[in-house]
Structures are given as structure tokens and as C-alpha cells.
Amino acid sequence: MPIRLHESLTRTPRELKPAQPDGVFRFYNCGPTVYAPAHIGNFRSFVVNDVIRRLLDLEFPGKVKHVRNLTDVDDKTIKRAQDEQRPLADVTKQWTDKFHADCAALNCLPPHVEPTATGHIREQVDMIDVLMKKGNAYRAADGSVYFKVSSFDDYGKLSRVKERELQAGTALSHKSQAADADEKEDVSDFALWKAHKTEDGANSWDSPWGRGRPGWHIECSAMSKKHLGETIDLHTGGVDLLFPHHENEIAQSQCCNGATFAHHWYHSEHLLVDGRKMSKSLGNLYTLDDLKAKGFSPMALRYALLASHPRKQQNFTLDSLHAAESALKTLRAFRAALGTQSGDAVLEPILAALRDDLNTPGALGALFTLVNRGPAGVDAAAFDRVMFALGLDLNAAAPKAEIPSDIADRAKQRWEAKLGKDWAKADALRKDLAARGWSMLDRKDGYTLEPVKR
RNA sequence: GGCGCGGUAGCCAAGUGGUAAGGCCGAGCUCUGCAAAAGCUCUAUCGGCGGUUCGAUUCCGCCCCGCGCCUCCA
């Protein structure tokens with residue numbers, strides 16, 4: 001059964017398969033801007049893409065090339081560096097490292113290539129140069145270079161937004177018009193190269209049009225071309241990237257290369273908090289560290305993120321993390337019961353749900369239907385394959401809390417009381433522990449302390 | 001204003017033209033000094049109103065409500 005995935009251009013599911021004769025599947029996923037810790041809304045997108053990557057690995061073993069960029073030069077990274085009076089590279093290194101650590105904790109496979117914008121200035125300049133020569137771009141008086149949207153007939157095909165409509169109506173568009181009106185020929189035009197400004201500090205590069213830095217969109221076009229070629233099989237990102245980012249990428253790449261940029265576009269939906277989009281600008285965000293501080297494991301977050309369909313908005317709650325933690329516990333126990341046994345129970349519905357437009361909640365449903373039937377007949381290796389596809393690492397540590405010494409002491413006393421069959425004292429201590437937020441789980445040979453579930 | 005998405009049990013969440021997976025929580029029972037774990041059982045007619053149909057939660061229309069994009073953004 002092939003992998004079918006919703007395609008944003010046609011809005012219909014389509015099979016994923018390599019288009020080129022070498023059989024390599026070319027996959028580009030828009031990565032983070034490294035100027036601050038990524039929030040869990042960002043990670044929804046990366047976790048979803050990780051499942052795509054894993055399905056592709058299973059489908060086309062050894063023939064997947066996965067590229068995910070790091071945006072390490074833009075307004076935000078530069079501002080952060082200037083504010084902190086540090087070199088740009090220092091700042092982006094710090095947040096790149098943090099991003100990698102969080103991805104690892106969430107069990108996301110690293111992409112095969114992780115190019116940076118600053119590492120591909122020449123490639124970007126070269127592309128802009130071609131666009132200038134072909135008449136798709138123009139240099140403004142200040143040395144900035146803009147893409148001329150009117151030169152590309154297909155502009156707006158992905159987002160189905162015509163340039164005229166962008167100008168119509170709202171106060172918002174007036175605002176953006178005012179911001180750039182002095183340099184652009186048309187409000188819809190977007191920057192390919194931004195002329196150096198004083199607030200950019202030392203962060204500028206030479207170009208045929210003067211010192212400056214690349215616009216945001218061109219990096220993906222250039223890096224995708226360099227590492228995957230002119231035409232790729234799949235390009236993904238969050239819905240917010242659909243317009244203008246991906247629309248602009250298509251315009252640049254296709255005008256420059258004269259070839260289809262991407263066969264397949266896929267966009268995952270947003271994570272909401274309190275019914276609103278989680279975003280850095282709204283400030284309603286959680287980072288992975290925030291959740292870890294509340295005692296949740298990264299794997300629980302991964303599970304919770306997979307519990308909703310990737311193309312539906314998901315309203316994130318701490319409650320979903322409790323549910324995830326419990327579900328993972330069940331899965332760990334089930335896996336342990338499997339040992340190394342082989343069997344012929346049918347696990348296919350789980351993977352089939354994933355291959356059917358990434359129906360992760362459907363897959364989890366099918367998984368628990370299986371789990372509820374018990375471990376008999378379930379093949380351990382097949383089960384592990386399913387866990388691989390979902391990226392659920394059942395060996396990852398369950399959340400552990402520091403046990404205060406007074407709690408440990410009380411627990412020890414209770415255990416001794418229990419061994420002495422002093423039930424009244426044992427029960428009193430259990431109650432006392434509970435009041436202090438700890439539950440004591442007895443085993444035959446000892447006990448475990450856990451924070452009380454709430 | 002333009003483009004788009006969604007409204008399914010207490011919470012989360014799949015799905016289907018023929019009376020609705022799964023997770024969490026909760027309740028009851030079994031087991032067990034107690035608690036936990038484990039096992040069993042129980043909990044919805046799918047936003048509203050019309051239409052099509054033998055039959056709609058699933059298709060169509062209208063309405064109500066929520067959200068996203070159109071500006072940096074996963």
C-alpha cells in the first residue's frame with residue numbers, strides 16, 4: 001500500500017513516490033529560525049514531518065534524501081544578536097544546539113542535510129542574479145532587490161490568493177503597504193536581497209547590488225536546488241508558510257530554473273492554546289522545557305502531538321499530556337510482555353492508517369485496539385516497526401521526579417510499619433504522603449514513589 | 001473584504017450512506033492487609049433547520065458558533 005498524502009495544490013490526497021529515475025525520494029522540510037527556543041507548536045510540525053520521514057524510510061529504504069534548513073539570518077536573528085551584543089553566529093549556534101537537543105528528545109530523526117542560509121549566500125546571490133537577468137527581479141534605489149510578482153503568471157496558485165485581493169480591503173494591507181511603499185514597485189513584490197541598514201550591524205554580505213543580506217524566501221529555493229536539484233518530490237511546512245513563503249519559493253525557483261519546483265506540497269495545521277494560535281508574537285507558548293519542568297516527558301508530548309490529525313488544528317492542553325503519559329505506560333507494559341516472541345497478529349491497519357494521509361489518531365486507535373486484545377500472537381519485531389513509524393521510543397525514560405528526603409524517610413517508615421504489620425501506622429503514613437503529593441506503590445520486594453496524579 | 005478549516009460522549013479524538021474506533025478521566029465488580037497494578041463491565045445518535053435517499057452523523061442548501069491565513073511565524 002503506497003503512502004498517500006494530502007497535496008496542497010490540488011487539495012486531494014496523492015501518492016508519494018520518487019519522480020526521478022534514480023529512485024531517490026527528494027524531501028524538503030522548512031526548518032526553524034534559530035533565535036530562541038522552538039515552541040511546541042513548532043514541534044508539532046517537526047514531529048509530523050518526522051513521521052513522514054519515517055514512513056518514507058520504510059517505503060523507500062536507503063533512497064530517501066531529507067533536507068531541512070536552518071534560517072540563521074533574518075530580522076529576528078539579527079535583532080537578537082544586536083540586542084545581546086553578540087556575533088550572529090554565536091546566537092544562532094546556541095539556538096541551533098537547543099533545537100537539536102529538543103528534536104532528539106522528541107525522537108525526531110535528523111535530516112540528511114541541514115543547510116544554513118549563511119552557508120549558502122553565494123547560491124542565493126547566483127539565483128537572484130539569474131532572476132535579474134531574466135527580468136523577474138529589479139533593484140530598488142537603496143540596493144535592495146525585489147521579485148516582480150507580475151512577471152510570474154502562476155503566482156497565487158498554491159494559496160489561491162490573487163495579488164489584487166491582497167491589496168483590497170483591510171487595514172492590515174494598508175499597514176504593510178506603508179512599510180515598504182517607498183522601495184517596491186508593487187506591494188505584492190517581495191525582497192530577494194535586502195540592502196544593508198545600520199541596525200543590521202556587521203551582518204552583511206557582498207553582492208552585485210551592494211552589501212546586504214538575502215531575503216527570507218530565497219534561501220529555501222537556493223538550498224533546495226543545491227541539495228536536491230531543481231525539482232523535488234515533496235516540500236512541507238506549517239500552514240502559515242503556505243502564503244507567502246511557499247508561494248514565493250515557487251515563483252523564484254520556477255522563474256529561475258524553468259522547471260517545476262515541487263511535485264507535492266504538504267502543510268500541517270497549527271497547534272492552538274486556549275483556542276488561539278500558539279506563537280511567539282502572542283506569547284502564549286510552551287517550550288519543551290516548560291513541559292519538562294511540569295514533570296512531563298518529551299515522549300508524552302510527541303504522543304500528544306500525534307493524537308490529532310496533522311491537518312486539523314489541535315487545541316493543546318496539559319490534560320492531553322496526562323493522557324499521553326498513561327497511554328505510553330500501557331504501551332511500555334505491552335511491549336515488555338512481548339519479549340522476543342514472534343506471531344502473526346495483524347498490525348497492518350496501524351501502518352495503513354499512517355499511509356492514508358498520515359492519520360496518526362487513526363493509527364493510535366488501531367494500535368490500542370490491538371493492545372486491548374492482549375499480547376498473544378503479536379510479533380515483537382512487527383510491533384517495533386510500528387513504534388518506529390510513529391517514532392515512539394518506549395525505552396525513553398518515563399518522567400522522574402526528585403524525591404525529597406523527608407518524603408523518602410516517611411516512605412521508609414511506612415514500609416517498615418507494613419513489614420511489622422502495623423496497619424494503622426502504615427495507613428496513616430500513606431495518607432500523610434498523599435497529602436504531601438506523593439503516592440507510594442508497593443511491590444512484593446519494595447516500593448516506588450510517584451507524584452500524585454492530578 | 002478575500003482564501004481556508006473545524007463543530008462527534010466529562011476531556012481529547014478517528015470514522016462511515018445502513019444506527020459511531022481509540023485514548024484519558026469517572027463508576028461498578030474481581031483480585032489484594034490498605035493503596036497501586038492487573039482483569040472484566042459501563043458511559044454519545046455525531047452544532048441547528050431544511051432537502052436528496054428505503055435509510056444521513058456521513059451528500060446538498062441555509063443558519064449559528066469557533067479557529068487559521070492574507071504581516072515575522074511550524
Side-chain angles (χ1 to χ4, degrees), chain A residues 8 11 29-33 35 38-49 71 74-76 79 156 159-173 175-177 179-180 188 216 236-245 247 267-272 275-282 303-304 306-309 311-317 319-331 333 349 353 359-372 374 414 418 421-424 426-431 433-434 439-443 447-448 450 453:
Chain A
S8 300
R11 294 181 193 179
N29 171 21
C30 280
T33 301
Y35 73 107
H39 58 65
I40 62 173
N42 297 318
F43 284 118
R44 182 185 197 196
S45 158
F46 297 122
V47 165
V48 165
N49 274 278
T71 297
D74 78 323
D75 293 347
K76 298 185 297 277
K79 181 170 191 310
S159 54
R160 307 189 185 202
V161 176
K162 288 290 169 203
E163 41 182 314
R164 280 202 192 85
E165 288 161 349
L166 291 182
Q167 300 172 41
T170 68
L172 288 172
S173 66
K175 202 164 103 188
S176 67
Q177 274 181 35
D180 291 319
S188 300
W216 172 40
T236 65
V239 270
D240 52 338
L241 298 183
L242 197 140
F243 187 90
H245 187 53
E247 197 72 75
H267 298 92
S268 50
E269 259 295 351
H270 282 307
L271 197 64
L272 310 178
R276 319 241 29 139
K277 184 175 84 160
M278 176 181 296
S279 73
K280 287 170 183 166
S281 53
L282 289 177
Y303 186 100
L306 293 177
S308 292
H309 193 108
R311 285 196 300 106
K312 268 174 91 167
Q313 292 172 346
Q314 175 181 12
N315 195 11
F316 177 79
T317 61
D319 228 34
S320 72
L321 255 25
H322 284 114
E325 215 72 81
S326 298
L328 283 170
K329 211 166 170 181
T330 302
L331 291 176
N359 188 349
T360 52
L364 292 175
L367 173 62
F368 274 89
T369 300
L370 175 95
V371 167
N372 290 335
R414 197 201 72 93
K418 174 184 167 163
K421 299 202 187 236
D422 184 349
W423 306 134
D427 288 353
L429 279 163
R430 175 185 287 293
K431 221 171 173 177
L433 282 165
S439 55
M440 191 166 170
L441 310 179
D442 293 3
R443 294 187 313 272
Y447 56 88
T448 308
E450 275 185 6
K453 282 184 198 164

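Below, each value reflects all heavy atoms present in this structure, side chains not excepted, and no hydrogens, waters or symmetry copies. Just so it is clear: chains get the letters A, B, ... in the order the sequence lines come, proteins before strands, and each one is counted from 1. As the structure is a prediction and not an experimental result, all values here were calculated from the model.
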For this session: Could you tell me whether A:Arg11 contacts a base, only the sugar-phosphate backbone, or nothing, with contacts defined as non-hydrogen atoms closer than 4.0 Å?
Result: sugar-phosphate
For this session: Could you give the distance separating B:rU57 and B:rG48 at their C1' atoms, to the nearest angstrom?
Result: 14 Å
Exercise. Between NE2 of A:His245 and OG of A:Ser159, what distance do you get to the nearest 0.5 Å?
Worked result: 13.5 Å
Seminar exercise, completed: Those residues at least two apart in sequence (or on a different chain) that pass side-chain hydrogen bond (donor to acceptor under 3.5 Å, both in side chains) with A:Lys312 are none
Exercise. Taking the C1' atom of each, how far is B:rG7 from B:rG28, in whole Å?
Worked result: 33 Å
Exercise. Are A:Leu331 and A:Phe368 side-chain neighbours, meaning at least one heavy-atom pair lies under 4.5 Å?
Worked result: yes
For this session: Using the C1' atoms only, state how far B:rA56 lies from B:rC72, rounded to an integer number of Å.
Result: 45 Å
Exercise. So, does A:Ser326 use its side chain to make a donor-acceptor pair with the main chain of A:His322 at under 3.5 Å?
Worked result: yes
Problem set entry | Of the listed nucleotides B:rA14, B:rA74, B:rA36, the one nearest the side chain of A:Leu441 | B:rA36
Exercise. Which whole number of Å gives the distance between the C1' atom of B:rG23 and that of B:rA44?
Worked result: 16 Å
Problem set entry | Nucleic acid contacts - residues 40-47 of chain A versus RNA chain B, non-hydrogen atoms under 4.0 Å | A:Gly41, A:Asn42, A:Ser45
Problem set entry | A:Arg414 CZ to A:Leu433 CG distance, which is reported to the nearest 0.5 Å | 8.0 Å
Problem set entry | d(CG, A:Asn49; C1', B:rA74) in whole Å | 9 Å
For this session: Give A:Lys76 one of three labels, base, sugar-phosphate or nothing, depending on what nucleic acid heavy atoms sit under 4.0 Å from its own.
Result: sugar-phosphate
Seminar exercise, completed: Closest to the side chain of A:Leu241, out of B:rG23, B:rC67, B:rA74, is B:rA74
Problem set entry | Side-chain donor or acceptor of A:Gln314 paired with backbone N/O of A:Ala307 under 3.5 Å | no
Problem set entry | Interatomic distance at P, B:rG51 relative to B:rU45, whole Å | 23 Å
Problem set entry | P-based separation of B:rC31 from B:rA36 [nearest Å] | 15 Å
Exercise. To the nearest 0.5 Å, what is the distance between CG (A:Asn29) and CG (A:Leu241)?
Worked result: 9.5 Å
Seminar exercise, completed: Value for CG (A:Asn359) from CG (A:Leu306), rounded to nearest 0.5 Å, stands at 11.5 Å
For nucleotides 39-48 of chain B, print each protein N/O atom paired with a nucleotide N/O atom at under 3.5 Å, atom names and distance only.
none

Exercise. Base, sugar-phosphate alone, or nothing: which one does A:Ser268 contact when heavy atoms must sit under 4.0 Å apart?
Worked result: nothing
Problem set entry | Partner set under side-chain contact (heavy atoms from CB on, under 4.5 Å) for A:Asp422, not counting sequence neighbours | A:Ala417, A:Ala424, A:Lys425
Problem set entry | B:rC5 and B:rU43, which share atom name P, separated by this distance in whole Å | 35 Å
For this session: Show your reasoning for whether side chain to side chain contact (heavy atoms under 4.5 Å, CB included) applies to A:Ser308 and A:Glu269.
Result: CA-CA 10 Å; A:Ser308 292; A:Glu269 259 295 351; over 6 Å; no
Problem set entry | Any residue meeting side-chain hydrogen bond (donor to acceptor under 3.5 Å, both in side chains) with A:His309, in chain and number order, not counting sequence neighbours | none
Seminar exercise, completed: Against the side chain of A:Ser326, the closest entry in B:rC24, B:rC67, B:rA74 is B:rC24
Exercise. Rounded to the nearest 0.5 Å, how far apart are NZ of A:Lys277 and CG of A:Asp240?
Worked result: 5.5 Å
Seminar exercise, completed: Taken in chain and number order and not counting sequence neighbours, the residues that satisfy side-chain contact (heavy atoms from CB on, under 4.5 Å) with A:Lys76 are A:Thr33, A:Tyr35, A:Asp74
For this session: Could you provide the dot-bracket string of RNA chain B, using ( ) for intrastrand pairs, [ ] for crossing pairs and | for bases paired to another strand, with Watson-Crick or G-U pairs below 3.5 Å?
Result: (((((((..(((.....[...))).(((((.......)))))....(((((..]....))))))))))))....
N/O-N/O pairs, protein side and nucleotides 27-33 of chain B side, under 3.5 Å:
{"unit_1": "B:rG33", "atom_1": "O6", "unit_2": "A:Arg414", "atom_2": "NH1", "d": "3.1"}
{"unit_1": "B:rG33", "atom_1": "N1", "unit_2": "A:Asp427", "atom_2": "OD1", "d": "2.9"}
{"unit_1": "B:rG33", "atom_1": "N2", "unit_2": "A:Asp427", "atom_2": "OD1", "d": "2.7"}
{"unit_1": "B:rG33", "atom_1": "N2", "unit_2": "A:Asp427", "atom_2": "OD2", "d": "2.5"}

Exercise. For A:His270, what residues pass the side-chain hydrogen bond (donor to acceptor under 3.5 Å, both in side chains) criterion, not counting sequence neighbours?
Worked result: none
Exercise. For B:rC34, does OP1 or OP2 lie under 4.0 Å from any side-chain N or O of A:Lys431?
Worked result: no
Using nucleotides 56-60 of chain B, report all nitrogen or oxygen pairs with the protein that are shorter than 3.5 Å.
none

Exercise. Could you give the distance from CD (A:Glu247) to CZ (A:Arg160), rounded to the nearest 0.5 Å?
Worked result: 10.5 Å
For this session: Using whole Å, report how far CG of A:Leu364 lies from P of B:rG15.
Result: 13 Å
For this session: State which residues pass side-chain contact (heavy atoms from CB on, under 4.5 Å) with A:Thr448; sequence neighbours excluded, sorted by chain then number.
Result: A:Leu441, A:Arg443
For this session: May I ask you to say what A:Leu271 touches in the nucleic acid, namely base, sugar-phosphate or nothing, with a heavy-atom cut-off under 4.0 Å?
Result: base
Exercise. What's the verdict on side chain to side chain contact (heavy atoms under 4.5 Å, CB included) for A:Met440 and A:Lys418, showing C-alpha distance, side-chain angles and the deciding distance?
Worked result: CA-CA 12 Å; A:Met440 191 166 170; A:Lys418 174 184 167 163; over 6 Å; no
Exercise. Which comes earlier along RNA chain B counting from the 5' end, the contact point of A:Ser159 or that of A:Gly238, where each point is its nearest nucleotide?
Worked result: A:Ser159
For this session: Name the closest nucleotide to the A:Phe243 side chain, picking from B:rC69, B:rA74, B:rC24.
Result: B:rC69
For this session: Name all residues meeting the side-chain contact (heavy atoms from CB on, under 4.5 Å) criterion together with A:Asn315; count only those two or more places apart in sequence or in a different chain, and write none if there are none.
Result: A:Leu272
Problem set entry | Side-chain-base donor-acceptor pair under 3.5 Å for A:His270 and B:rA74 | yes
Exercise. Quick one: is B:rA13 close enough that its OP1 or OP2 comes under 4.0 Å of any side-chain N or O from A:Ser308?
Worked result: yes
Exercise. Can you find a pair of side-chain heavy atoms, one from A:Thr236 and one from A:Val48, that are under 4.5 Å apart?
Worked result: no
For this session: Check whether any side-chain nitrogen or oxygen of A:Lys312 sits under 4.0 Å from OP1 or OP2 of B:rG7, and answer yes or no.
Result: yes
For this session: Assign each of A:His245 and A:Arg276 to its nearest nucleotide of RNA chain B by heavy atoms, then name whichever residue's nucleotide is nearer the 5' end.
Result: A:Arg276
For this session: Rounded off to whole Å, could you give me the CD-to-P distance for the A:Glu247 and B:rC3 pair?
Result: 15 Å
For this session: For A:His267, report the nucleic acid contact type (base, sugar-phosphate, nothing); a contact means any heavy atom under 4.0 Å.
Result: nothing
For this session: Using the C1' atom on both, measure B:rU16 against B:rU30 and round to a whole Å.
Result: 37 Å
Problem set entry | Shortest side-chain distance from A:Asn359, nucleotide among B:rC69, B:rC72, B:rA14 | B:rA14
For this session: Using atom CG of A:Leu429 as one end and atom C1' of B:rA36 as the other, report the distance to the nearest whole Å.
Result: 17 Å
